[in-house]
Amino acid sequence: MIILPILFLILSTHYSSAELCHPKDKAALLAFKHSFSYPANPFATWDPIFDCCTWYGVQCDETTNYVTGLDIAPYEDLNGTIPSSLGDLQHLTVLRLHKIPNLVGEIPPKIGDLRNLRSLTISWTNISGPIPSFLANLKSLVLLDLSFNRLSGSIPPILTTLPYLRGFDFSRNQLTGPIPESFGHIPATAEFPVLDLSHNKLSGEIPASLANVNFSTVDISRNNLSGDASVFFGKGKATSTIDISRNNFEFDFSKVSFTESLDILDVSHNKIYGTIPEQITDAVFLQFLNVSYNRLCGKIPTGWKLKYRSESWDNTSFFHNRCLCGAPLDPCK
């Protein structure tokens with residue numbers, strides 16, 4: 001009868017002495033846990049008797065033992081909003097809340113207090129409201145992924161003041177308005193940034209300032225954007241993916257030049273006119289090409305020098321244009 005209480009006391013003393021997690025971090029994590037409703041015990045491993053650095057989804061710095069990472073994914077039955085208690089994890093560098101469909105509400109202002117955050121991912125949830133301007137307080141941020149949510153409103157121009165940000169992914173939301181002109185003035189420290197604004201409701205003309213940025217990836221497909229999207233092209237750029245499909249872009253394709261590094265090119269379903277430049281065959285790494293559903297004319301270039309694609313392009317890459325001709329379409333007359 002006396003053995004069990006003594007054993008419990010010994011175990012409690014052992015776990016207490018092995019505790020590495022800082023009390024404030026532990027309190028913030030427990031507040032995070034208890035803010036959600038859940039059919040069973042959420043985060044069952046998050047037991048106060050254990051060191052929080054051993055909990056599911058929690059990472060700690062091996063030297064300081066501060067909580068530096070929180071990765072919660074997936075959690076289909078977790079219900080609630082993003083708790084403000086996350087803002088108390090002051091040493092957090094990585095925060096990922098992914099595939100939590102019952103996560104609702106807006107991004108809380110306390111997230112803007114995480115000044116050491118380098119990667120912020122809130123994706124595949126049902127959070128709503130605007131992309132908050134206070135995210136511009138996260139001066140260490142390198143990656144910002146807010147994809148597959150229900151965010152609405154315009155894109156805050158101030159986000160481009162983040163000096164190290166190399167990745168914007170706001171795809172699959174309900175964003176409206178234009179792409180901010182400030183996106184053409186991303187700091188040079190953000191080398192080869194990724195721009196993914198696809199599957200939204202953005203409108204307006206593409207800013208000419210975007211020609212200043214050497215993007216590695218551009219995906220602004222499935223919006224209502226217009227104007228001259230040739231700003232994304234150029235021999236001197238390191239762009240590997242350009243997808244501007246399903247918009248209202250209208251420009252002369254014959255004046256565009258292509259970088260050798262281009263891997264994916266989709267300009268389909270626009271109002272692009274002119275011819276396909278012969279220089280496109282210099283894009284030796286190209287693996288996907290779609291210029292269909294435009295107003296292009298002239299002969300399709302031949303003599304492709306593709307390194308990683310063995311088969312030829314089929315007609316789906318070129319059909320439904322005004323007067324394109326040559327293989328794989330009908331011969332030119």
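Quick caveat: nothing in here was measured; it's all calculated off a predicted structure.
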Pair Phe285-Tyr308, ring-ring contact (aromatic ring centres under 6.0 Å, His included): steps then yes or no: CA-CA 6 Å; Phe285 297 107; Tyr308 298 114; 5.7 Å; yes

Lys255 atom NZ, over 12 foreign heavy atoms within 6.0 Å: no

Shortest non-hydrogen separation from Lys110 to Ser84 and the atoms involved: CB-O, 3.5 Å

Rounded distance [0.5 Å steps], CZ in Arg172 versus CZ in Arg222: 7.5 Å

Charged N-O contact under 4.0 Å between Asp88 and Lys24: no

Considering all heavy atoms, the nearest Ile220-Phe232 contact: CD1-CE1, 3.6 Å

Donor-acceptor under 3.5 Å (Asp25 side chain, Tyr66 main chain): no

Ser203 (side chain) donor-acceptor with Asn224 (main chain) under 3.5 angstrom: no

Side-chain donor/acceptor of Asn315 to backbone N/O of Leu329, under 3.5 Å: no

Expected output: side-chain Asp145 to main-chain Ser147 donor-acceptor under 3.5 Å: yes

Considering all heavy atoms, the nearest Asn270-Ser268 contact: ND2-O, 3.2 Å

Pair Asn116, Ser140: side-chain N/O donor-acceptor within cut-off below 3.5 Å: no

Value rounded to 0.5 Å, distance of CD in Gln90 from OG1 in Thr68: 13.5 Å

Backbone of Ser221 reached by a side-chain donor or acceptor of Asp219 within 3.5 Å: yes

Asn294 (side chain) donor-acceptor with Ser292 (main chain) under 3.5 angstrom: yes

Candidates Phe319, Tyr293, Phe249 - the one meeting ring pair (Phe, Tyr, Trp, His ring centres under 6.0 Å) with His269: Tyr293

Same apolar cluster: Phe170 and Phe148, side chain cutoff 4.5 Å: no

Trp46 backbone acceptor or donor facing Lys33 side chain under 3.5 Å: yes

Sole candidate of Val284, Leu286, Asp282 that passes side chain to side chain contact (heavy atoms under 4.5 Å, CB included) when paired with Leu262: Leu286

Thr239 (side chain) donor-acceptor with Phe215 (main chain) under 3.5 angstrom: yes

Test item: Ile127 and Leu151 side chains (from C-beta on) under 4.5 Å apart, heavy atoms: yes

Hydrophobic cluster identity match, Ile100 and Phe36, side-chain contacts under 4.5 Å: yes

Trp304-Leu324 co-clustered via ILVMFWY side chain contacts under 4.5 Å: yes

Heavy-atom side-chain proximity of Val67 to Leu92 below 4.5 angstrom: yes

Check: Phe253 ring centroid to Phe258 ring centroid under 6.0 Å: yes

Derivation of the side chain to side chain contact (heavy atoms under 4.5 Å, CB included) call for Leu202 and Ile155: CA-CA 9 Å; Leu202 298 173; Ile155 300 171; 4.2 Å; yes

Phe43/Tyr75 aromatic ring centres below 6.0 Å: yes

Minimum heavy-atom distance Ile244-Ala229, with the two atoms named: CD1-CB, 3.8 Å

Minimum-distance pair of heavy atoms, taken over all atoms of Pro108 and Ile82: CG-O, 3.5 Å

Cys21 and Cys52 SG atoms less than 2.5 angstrom apart: yes

Ser240 side-chain N/O to Ser216 backbone N/O, donor-acceptor pair under 3.5 Å: yes

Main-chain N/O of Leu135 paired to Asn137 side chain as donor or acceptor, under 3.5 Å: no

Distance-only side-chain donor-acceptor flag, Ser123 / His98, under 3.5 Å: yes

Min side-chain heavy-atom separation Leu165-Ile186 under 4.5 Å: no

Joint hydrophobic cluster, Phe134 plus Leu175, side-chain heavy atoms closer than 4.5 Å: yes

Within-4.5 Å side-chain heavy-atom neighbours: Val194 and Asp169: no

Exercise: identify the closest heavy-atom pair between Thr161 and Ala136: OG1-CB, 4.3 Å

